[in-house]
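What follows is a short report on a single structure.
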Amino acid sequence: MPECLFCGIAAGEIPAKIVLDAARTLAFRDINPQAPTHVLVITKAHYPNLATLAADESLLAELVSQVHEVARAEGIADSGYRVVFNTGGHAGQSVDHVHAHVIGGRPMAWTPG
Ligand code: DGP
């Protein structure tokens, strides 16, 4: 069992509700949804956060592309959705494996707390 929770989900060793499965990225439902749609998009390879993933531009582009595919698949691409990469302690990142939150299905306020 990998030490990293999201590596475990990527490996199929920890169950998750999969939304989209691509060669190098995976989208699954957040266990604690904050809106009608709340999906996490990860790279299957382990990068601790967005800052480290930024060194691999092609994989970063695939991740962002899957974010939009999730929005289309969930039917929120036209109404609008929010994409959040919590990065580091002040942002409240709790899982140290890069993940985009794709949140939508209701109007949202700004700014974040
Ligand atoms: P963050 O706080 O930005 O690191 O977001 C981590 C998210 O991961 C948080 O919204 C809850 C979600 N999460 C934590 N554990 C699990 C899990 O075991 N399964 C799933 N699907 N999501 C999880």
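What you are looking at is a predicted structure, and each value in this text was computed from that prediction instead of being measured. In each ligand, atom 1 is the first atom listed, and ligand 1 is the first ligand listed. Atom set for the values below is all heavy atoms of this structure, side chains included, hydrogens, waters and symmetry mates excluded.
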Legend entry - Exam field: side chain R106 to backbone Q34, donor-acceptor pair closer than 3.5 Å: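 Yes; at least one donor-acceptor contact below 3.5 Å.
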Legend entry - Donor-acceptor pair, side chain of Q93 and main chain of V95, under 3.5 angstrom: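 Yes, the answer is positive, given that a donor and an acceptor are paired below the 3.5 Å cut-off.
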Legend entry - For the student: nearest non-hydrogen atoms of T52 and P48, plus distance: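 Smallest interatomic distance, heavy atoms only, reads OG1-CD, 3.2 Å.
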Legend entry - Q66 side chain reached by T43 side chain, heavy atoms, under 4.5 Å: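 Not touching, per the 4.5 Å side-chain cut-off.
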Inset, instruction - To the nearest 0.5 Å, tell me how far I18 CD1 sits from R29 CZ. - result: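 Going from the CD1 atom of I18 to the CZ atom of R29 covers 10.5 Å.
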Ligand-protein N/O pairs under 3.5 Å (ligand 1):
residue	atom	partner	partner atom	Å
ligand 1	2 (O)	G92	O	3.1
ligand 1	2 (O)	S94	N	3.4
ligand 1	2 (O)	S94	OG	3.0
ligand 1	3 (O)	N86	ND2	2.8
ligand 1	3 (O)	H99	NE2	3.0
ligand 1	3 (O)	H101	NE2	2.8
ligand 1	4 (O)	S94	N	2.7
ligand 1	4 (O)	S94	OG	3.2
ligand 1	4 (O)	V95	N	3.1
ligand 1	4 (O)	H99	NE2	2.9
ligand 1	5 (O)	H99	NE2	3.1
ligand 1	5 (O)	H101	NE2	3.2
ligand 1	10 (O)	D30	OD1	3.2
ligand 1	10 (O)	D30	OD2	2.5
ligand 1	21 (N)	R29	O	2.9
ligand 1	22 (N)	I31	N	3.2

Inset, instruction - Give me the ring orientation class for H46 and H97: parallel if the planes are under 30° apart, tilted from 30 to 60°, perpendicular past 60°. - result: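 The arrangement is perpendicular - the two ring planes meet at more than 60°.
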